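Presented below is the structure to which this report refers.
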Amino acid sequence: MSDGVKINRGLKGIYFERSAVSEIDGAAGRLSYRGYDIDDLAEHGSFEEVAYLLIHGDLPKAEQLAEFDSELKAARELPKEIHGIMRALKAGHPMDVLRTVVSALATLDPGSRETDEAGFVRNGTRLTAQLPVVIAAYERIRNGLEPVMPDPSLDHAANWLWMLSGKRPSADAARLADLDLILHAEHGSNASSFAARVTVGTEANLHGAVVTALSTLAGPAHGGAAEDVMRMVREIGSPDRAADYVKVRRANRKPVSGFGHRVYRTEDPRAKHMRAGVERLSREMGRPEWYEILQAVVEAMKPYARHGLNVNVDFYSGVIYQLHGIPMDLYVPIFSIGRMPGWVAQCLEQARQNILIRPLTHYNGPGPRAWVPLNER
């Protein structure tokens, strides 16, 4: 309370709008997309189905899914100018390059200026297809390799892994990548989604909103958890060192990466869906010790669960990426691949009943002051 004005720093606890996109029950540890529980979507759905659900509002029928899948695959080929831009920026951080390329895609596609609902859907579908292609192509270009052409026989997640490495992923690896994208697809009014809605509130186009979202996601307080977990795993080194690591961190009042969440007071409902898949993949890739380290950390953190320090979804994601040989500076860009349809859904919702988002700040600076000429200061 300040001068009679209640300040909610970070807008914590403030409802700024109604939304039909996702529902989060932090106390019970539940998450749903448009009414469908994340457990059902993770167990039965594909990323294409979930993306369609978020963008169009309902799960697709067979013919709708086929059409949507065709639209995604048709958008995988990038304009030739984009590869030139990536070559010019090959020393840059992947998030900076991704943001720049999305801006460039807007200039190369006249349809990017369309701000009606049909334009948002069209551009959202295209960007959902293009983000993984951009990330895979850039990773190869900066390593002196030619980009791999997309494979129309592969689904969204499998094609992303194919374009990244030039090797067809196993069925288990492709399914785990698909699951990772599903679990990251939408999560309410998080920082990047809110930032995208602020941009749409000014009547800007979708490409502009996605650039805003990417810029916000790049901040380590939002998108950096998977990198932090992987650094922790490397620092611990072996399962028998996990308990001491946790004990020292807690004694020094330092956080343990991958535990705790701004919303959830119980285990993140997305985390359990990653656990078994990470165990299988770590054994398939000949690195079972990474999964074993993670589980040793979970065991060591059990006494702190009553304080709300439970596993979150990013606890397992970093190991998945590492097992595929993906460098850590690509972890946040990968987050954006999954989140893209959620951003589209949030932007569509904002545009339908648009209002300029303009909160207030309560002034607490100096009182009235007289102007002092420059030669008298």
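What you see is a predicted model, and the numbers here were worked out from it, not measured in a lab.
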- Message: Using side chain to side chain contact (heavy atoms under 4.5 Å, CB included), reason through Met328 and Arg234 one step at a time and then give a plain yes or no.
- Response: CA-CA 12 Å; Met328 281 198 288; Arg234 288 176 170 177; 3.5 Å; yes
- Message: I'd like to know if the side chain of Arg168 pairs up with that of Ser153 as donor and acceptor (distance under 3.5 Å, no hydrogens or angles considered).
- Response: yes
- So among Val229, Val263, Asp268, which one has a side-chain contact (heavy atoms from CB on, under 4.5 Å) with Asn312? Asp268
- Message: Show the nearest heavy-atom pair for residues Glu292 and Pro239, with the distance to one decimal.
- Response: CB-CG, 3.7 Å
- Give a yes or no answer on whether the side chain of Asn123 reaches the backbone of Gly111 with a donor-acceptor pair at less than 3.5 Å. yes
- Query: Side chains of Tyr304 and Val256: closer than 4.5 Å at any heavy-atom pair?
  - Reply: no
- Query: Quick one: CG on Leu164 to CD1 on Ile334, what's the gap to the nearest 0.5 Å?
  - Reply: 7.0 Å
N/O donor-acceptor pairs under 3.5 Å from side chains in residues 124-133, not counting sequence neighbours:
| from | atom 1 | to | atom 2 | distance (Å) |
| --- | --- | --- | --- | --- |
| Thr125 | OG1 | Val121 | O | 2.8 |
| Arg126 | NE | Asp109 | OD2 | 3.4 |
| Thr128 | OG1 | Gly124 | O | 2.7 |

- Task: Calculate, to the nearest 0.5 Å, the distance between atoms CZ and CE belonging to Phe315 and Met230 respectively.
- Result: 11.0 Å
- Item | Smallest separation among heavy atoms of Gly223 and Val332, with atom names | O-CG2, 3.0 Å
- Query: When rounded to the nearest 0.5 angstrom, what is the spacing between CG in Leu206 and CG in Leu348?
  - Reply: 7.5 Å
- Do Thr115 and Glu203 have side-chain N/O donor and acceptor atoms under 3.5 Å apart? no
- Minimum-distance pair of heavy atoms, taken over all atoms of Gly188 and Gln346: O-NE2, 3.6 Å
Can you give each donor-acceptor pair under 3.5 Å made by side-chain atoms of residues 208-220, sequence neighbours left out, with the distance rounded to 0.1 Å?
| from | atom 1 | to | atom 2 | distance (Å) |
| --- | --- | --- | --- | --- |
| Thr212 | OG1 | Thr199 | OG1 | 2.8 |
| Thr212 | OG1 | Gly208 | O | 3.0 |
| Ser215 | OG | Val211 | O | 2.9 |
| Thr216 | OG1 | Thr212 | O | 2.9 |

- Message: Taking salt bridge (charged side-chain N to carboxylate O under 4.0 Å, His left out) as the criterion, tell me which of Arg197, Arg34, Arg18 meets it with Glu349.
- Response: Arg197
- Query: Quick one: do Arg231 and Glu227 make a salt bridge, cutoff under 4.0 Å?
  - Reply: yes
- Do the rings of His156 and Phe47 sit parallel, tilted or perpendicular, given the 30° and 60° boundaries? parallel
- Item | Ion pair check, Glu71 and Lys73, cut-off under 4.0 Å | no
- Note on the structure: Residues Pro341 and Leu54: closest non-hydrogen pair is O-CB, 4.0 Å
- With a 4.5 Å limit on heavy-atom distance, are the side chains of Met232 and Ile293 in contact? no
- Does any donor atom in the side chain of Tyr321 or Asp180 lie under 3.5 Å from an acceptor atom in the other side chain? yes
- Test salt bridge (charged side-chain N to carboxylate O under 4.0 Å, His left out), reference Glu267, set Lys302, Arg275, Lys272, output is Arg275
Show every donor-acceptor pair shorter than 3.5 Å between a side-chain atom in residues 55-67 and any protein atom, with sequence neighbours excluded, or say none if there are none.
| from | atom 1 | to | atom 2 | distance (Å) |
| --- | --- | --- | --- | --- |
| Gln64 | OE1 | Lys61 | N | 2.8 |
| Gln64 | NE2 | Tyr52 | OH | 3.4 |

- Where do Phe68 and Glu48 come nearest, in terms of heavy atoms and distance? CE2-O, 3.4 Å
- Check whether any side-chain heavy atom of Ser165 lies under 4.5 Å from a side-chain heavy atom of His324, and answer yes or no. no
- With a 4.0 Å cut-off, would you call Asp244 and Arg241 a salt bridge? no
- Where do Asp155 and Ser46 land on the side chain to side chain contact (heavy atoms under 4.5 Å, CB included) test, with the steps shown first? CA-CA 9 Å; Asp155 65 20; Ser46 66; over 6 Å; no
- Message: Less than 4.5 Å apart, side chain to side chain, heavy atoms only: is that true for Arg30 and Pro269?
- Response: no
- Message: Can you confirm whether Met86 sits close enough to Arg142 that some side-chain heavy atom of one is under 4.5 Å from a side-chain heavy atom of the other?
- Response: no
- Note: Asp172-Arg283 ion pair, threshold 4.0 Å (strictly below): no
- What's the verdict on side chain to side chain contact (heavy atoms under 4.5 Å, CB included) for Val319 and Tyr291, showing C-alpha distance, side-chain angles and the deciding distance? CA-CA 8 Å; Val319 168; Tyr291 174 77; 5.9 Å; no
- Message: Are more than 12 heavy atoms, taken from residues, nucleotides or ligands other than Ile14, located less than 6.0 Å from that residue's CD1 atom?
- Response: yes
- What is the minimum heavy-atom distance between Ala185 and Tyr33, and which atoms define it? N-OH, 3.6 Å
- Intermediate values then yes/no, side chain to side chain contact (heavy atoms under 4.5 Å, CB included), Val311 and Phe259: CA-CA 5 Å; Val311 173; Phe259 286 81; 3.5 Å; yes
- Task: For the residue pair Glu186 and Ser22, confirm or rule out a side-chain donor-acceptor distance under 3.5 Å.
- Result: yes
